[in-house]
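Below is one structure, written out as structure tokens; comments come after it.
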Amino acid sequence: MASRLLLRTAFRAATSCRVARAPALSRCMAAGGIPTDEEQATGLEKIIMKAMKEGADPYNMMKPKNYAGSKADPHLVPSITNKRIVGCVCEEDNTAVIWFWLHEGEAQRCPSCGSHYKLVPHELPH
Ligand SMILES: [Zn+2]
């Protein structure tokens, strides 16, 4: 008898004392969830993310495109000046790098293997 009374009292207490519960937070930030990388990025990181969305690579962070190295399809070397030092690993297993100056204008050949390189003007984004 006492247990029934105790159970009934506990049930009434549980049903009548319901306090408006705060909704459970599904994500950490209650307002809009966790901000994405693009929402958090500022400064240089934001500029890079925006450029990469547009398909540009302003800081040459991506792997360079492969070129045949022939006269018709020379390796394109970006430069902010009218010349640049280029290192050519002529064959895949070579341990020595052939360094030479590449000047603006016509495509030049590597003095060792003959691959063609062409200087292309590049402007820094800032
Ligand atoms: Zn070479």
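All ligand and atom numbering here is 1-based and tracks the order in the structure. Quick note: numbers below take in every heavy atom, side chains included, and nothing from hydrogens, waters or symmetry partners. Just so we're clear, the structure is a prediction, and the values are computed from it rather than from any experiment.
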Discussion item. Is it the case that the side chain of Gln108 and the backbone of Leu102 share a donor-acceptor pair, with hydrogens and angles ignored and the cut-off at 3.5 Å?
Written reply: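 Not confirmed, Gln108 side chain does not pair with Leu102 backbone.
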Fill in: N/O donor-acceptor pair under 3.5 Å between Ser79 side chain and Asn82 backbone
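Here the side-chain-to-backbone pair does not exist.
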Worksheet item: What are the protein N, O or S atoms, given as residue plus atom name, that sit under 2.8 Å from the Zn ion (ligand 1)?
Response: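 Checking every protein N, O and S atom gives Cys88 SG, Cys90 SG, Cys110 SG, Cys113 SG.
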Worksheet item: To which residues is Val97 joined in a hydrophobic cluster, defined by side-chain heavy-atom contacts under 4.5 Å among Ile, Leu, Val, Met, Phe, Trp and Tyr, whether direct or through other members?
Response: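 Answer for Val97: Ile85, Val89, Trp99, Trp101.
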Discussion item. A quick test of your reading: do over 12 heavy atoms of other residues, nucleotides or ligands sit less than 6.0 Å from CD of Gln40?
Written reply: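 Yes, the 6.0 Å shell around CD holds more than 12 heavy atoms from other groups.
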Item to complete: Output every pair passing ring-ring contact (aromatic ring centres under 6.0 Å, His included) with a member in residues 61-87, not counting sequence neighbours, ordered by first then second residue.
Response: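 Output for this query lists His75-Tyr117.
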Item to complete: Return the set of residues passing side-chain contact (heavy atoms from CB on, under 4.5 Å) with Thr36 (not counting sequence neighbours), or none when no residue passes.
Response: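 Checked Thr36 against side-chain contact (heavy atoms from CB on, under 4.5 Å); matches are Glu38, Glu39.
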